[in-house]
*Asks:* 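Sharing a structure below in structure tokens format, with a few things to ask.
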Amino acid sequence: MDEDVFKRAERFAESVFEGDSSGHDIYHTLRVHSLARSICAEEGGDEGTVRLAALLHDVDDPKLFGGEGYPNARRFMEGEELGRDTVERVVGIISQISFRGSGAAVPDSLEGKIVQDADRMDAIGAIGIARAFAYGGSRGRPMHVPGEPPREGMTEAEYRSSQGTTVNHFHEKLLKLKDLMNTGTARRMAEARHRYMAGFLEELMDEWDGKRRSPGRPVSVVRLEQKYYEYRR
Ligand code: ADP
Ligand code: NI
């Protein structure tokens with residue numbers, strides 16, 4: 001595939017996301033594209049398919065656009081005259097990668113696994129924290145409500161309509177993502193982001209409780225993990 005196709009896919013995604021403040025701006029797409037390329041370089045798979053699926057993975061997001069059948073992705077690829085096989089392969093990947101409640105599907109192709117890993121990678125770490133609060137804010141959700149526990153085993157409908165707090169979103173989804181990575185490359189990349197996120201939550205809870213910590217106190221990973229599991233019980 002010609003490099004120009006990816007450039008045009010970038011511009012197409014940019015035009016689709018114009019004005020979005022829910023964490024689906026073009027920069028999310030660009031980060032997923034870049035992460036997917038890095039993972040693909042280690043894991044193999046068809047790079048063109050990975051790149052196109054990454055660039056188009058959210059252009060038909062049901063939360064933003066409604067509708068079925070991936071019309072935006074199809075319209076772009078048909079305009080590029082990419083051929084039926086490519087269109088169906090990429091649409092197939094896009095349809096498989098979203099996290100749906102507790103029943104996360106594993107994509108059946110290596111390319112799909114890579115793009116799903118890249119999309120999940122962008123939901124954790126410092127970026128993940130920022131996106132979660134941006135998204136929660138855009139839906140009018142409280143950051144945290146003491147005593148309101150995270151919910152387990154939500155169906156897709158419950159997950160989508162959840163009015164839960166953003167802190168609970170970390171426990172319901174984001175802290176689980178590192179273990180859901182499909183590829184070894186992504187699992188390794190996810191470790192540091194996971195630790196950072198868990199450290200952030202610990203800090204947040206301490207500040208919430210009015211505790212003071214000395215600035216820059218080193219974070220003990222073991223302690224964080226313990227704290228996370230304590231909280232979960
Ligand atoms: P994507 O489409 O990129 O796979 P989602 O559409 O599920 O991911 O979510 C987009 C971003 O918004 C992610 O960073 C996700 O963590 C965040 N998000 C989704 N649902 C919630 C929620 N209930 N509270 C806070 N953040 C959320
Ligand atoms: Ni995404």
Side-chain angles (χ1 to χ4, degrees), residues 13 17 20 22-45 47 49-64 73 90-136 150 152-154 156 159-160 162 164 166-201 225 228 232:
F17 297 130
D20 179 71
S22 72
H24 277 97
D25 52 65
I26 183 64
Y27 298 107
H28 163 65
T29 287
L30 297 180
R31 290 189 303 266
V32 170
H33 177 237
S34 147
L35 287 162
R37 287 184 84 178
S38 310
I39 299 169
C40 183
E42 299 291 326
E43 298 281 334
E47 206 203 356
T49 305
V50 165
R51 293 184 64 185
L52 209 49
L55 289 169
L56 298 175
H57 84 277
D58 269 339
V59 299
D60 291 291
D61 190 293
K63 290 193 296 319
L64 303 177
V90 172
V91 167
I93 291 174
I94 297 172
S95 73
Q96 289 178 348
I97 63 168
S98 301
F99 185 103
R100 297 278 178 255
S102 50
V106 178
D108 54 18
S109 64
L110 174 59
E111 289 81 3
K113 291 183 169 105
I114 290 172
V115 180
Q116 186 177 61
D117 282 356
D119 194 29
R120 287 173 169 170
M121 197 74 68
D122 202 55
I124 63 177
I127 295 274
I129 294 167
R131 289 183 74 210
F133 285 101
Y135 183 95
E152 289 299 332
M154 276 188 278
E156 175 173 357
Y159 176 72
R160 290 296 170 206
S162 162
T166 299
V167 165
N168 280 346
H169 182 65
F170 285 86
H171 294 280
E172 287 157 358
K173 175 176 171 183
L174 305 181
L175 290 163
K176 295 178 177 168
L177 292 180
K178 101 174 150 58
D179 293 326
L180 289 174
M181 294 293 178
N182 302 298
T183 65
T185 304
R187 223 167 296 129
R188 283 188 295 277
M189 281 169 92
E191 283 296 334
R193 288 177 185 235
H194 179 88
R195 278 200 297 274
Y196 186 85
M197 203 163 57
F200 166 81
L201 283 175
E225 295 282 338
Y228 169 52
R232 301 275 304 158

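All heavy atoms count here, side chains included; hydrogens, waters and symmetry mates do not.
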*Asks:* Taking all non-hydrogen atoms of both residues, which atom of Val90 and which atom of Ala53 are closest, and how far apart?
*Replies:* CG1-CA, 3.8 Å
*Asks:* Write down the atom of Ala36, the atom of Ala54, and the distance for their closest heavy-atom approach.
*Replies:* CB-CB, 4.1 Å
*Asks:* Nearest 0.5 angstrom please: Asn182 CG to Leu110 CG, how far?
*Replies:* 9.0 Å
*Asks:* Please assess Glu43 against Asp117 for the test side chain to side chain contact (heavy atoms under 4.5 Å, CB included), listing each intermediate value before the final yes or no.
*Replies:* CA-CA 12 Å; Glu43 298 281 334; Asp117 282 356; over 6 Å; no
*Asks:* Quick one: closest heavy-atom pair of Ala13 and Thr29, and the distance?
*Replies:* CB-CG2, 4.2 Å
*Asks:* On a heavy-atom basis, which atom in Gly125 and which in Tyr196 lie closest, and how many Å separate them?
*Replies:* C-CD2, 4.2 Å
*Asks:* If you measure from CD1 on Ile93 to CG on Asp108, what distance do you get to the nearest 0.5 Å?
*Replies:* 8.5 Å
*Asks:* Decide side chain to side chain contact (heavy atoms under 4.5 Å, CB included) for Phe170 and Ile129; before the verdict, give the C-alpha distance in whole Å, the side-chain angles of both, and the deciding distance to 0.1 Å.
*Replies:* CA-CA 9 Å; Phe170 285 86; Ile129 294 167; 4.0 Å; yes
*Asks:* Do you know which two heavy atoms are closest between Ala186 and Ile39, and how far apart they sit?
*Replies:* CB-CD1, 4.1 Å
*Asks:* Go through the structure and list residues passing salt bridge (Lys or Arg N to Asp or Glu O under 4.0 Å) with Arg187, not counting sequence neighbours.
*Replies:* none
*Asks:* How long is the gap from CG on Leu56 to NE2 on His33, to the nearest 0.5 Å?
*Replies:*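 Nearest 0.5 Å value for the CG-NE2 distance: 10.0 Å.
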*Asks:* Classify the ring geometry between Phe133 and Phe200 as parallel (under 30°), tilted (30 to 60°) or perpendicular (over 60°).
*Replies:* perpendicular
*Asks:* List the steps, then state whether side chain to side chain contact (heavy atoms under 4.5 Å, CB included) holds for Arg120 with Gln116.
*Replies:* CA-CA 6 Å; Arg120 287 173 169 170; Gln116 186 177 61; 3.4 Å; yes
*Asks:* Side-chain contact, heavy-atom cut-off 4.5 Å: Asp60 with Ile94?
*Replies:* no
*Asks:* Once rounded to the nearest 0.5 Å, what's the spacing between atom CG of Asp25 and atom CZ of Arg31?
*Replies:*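 Result: 6.5 Å between the selected atoms.
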*Asks:* Looking at side-chain heavy atoms only, is the closest gap between Met121 and Met181 below 4.5 Å?
*Replies:* yes
*Asks:* Can you measure from CD (Glu152) to CD (Glu172) and round to the nearest 0.5 angstrom?
*Replies:*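 Glu152 atom CD to Glu172 atom CD measures 7.5 Å (nearest 0.5 Å).
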*Asks:* Using the test side chain to side chain contact (heavy atoms under 4.5 Å, CB included), find all partners of Glu191 that sit at least two apart in sequence or belong to another chain.
*Replies:* Lys178, Arg195
*Asks:* State which residue, out of Leu175, Asp179, Leu177, fulfils the side chain to side chain contact (heavy atoms under 4.5 Å, CB included) condition with His194.
*Replies:* Leu175
*Asks:* Enumerate the residue pairs fulfilling ring pair (Phe, Tyr, Trp, His ring centres under 6.0 Å) with a member in residues 109-129, sequence neighbours excluded, ordered by first and then second residue.
*Replies:* none
*Asks:* To the nearest 0.5 Å, what is the distance between OG1 on Thr183 and CE on Met189?
*Replies:*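 That separation rounds to 8.5 Å.
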*Asks:* Does the side chain of His28 come within less than 4.5 Å of Asp119's, by heavy atoms?
*Replies:*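 Result yes, sub-4.5 Å side-chain heavy-atom pair found.
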*Asks:* Which atom names give the shortest non-hydrogen contact between Met197 and Ala123, and what distance separates them?
*Replies:*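 Closest approach of Met197 to Ala123: SD-O, 4.4 Å.
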*Asks:* With heavy-atom distances below 4.5 Å as the criterion, would you say the side chains of Gln96 and Val115 are in contact?
*Replies:* no
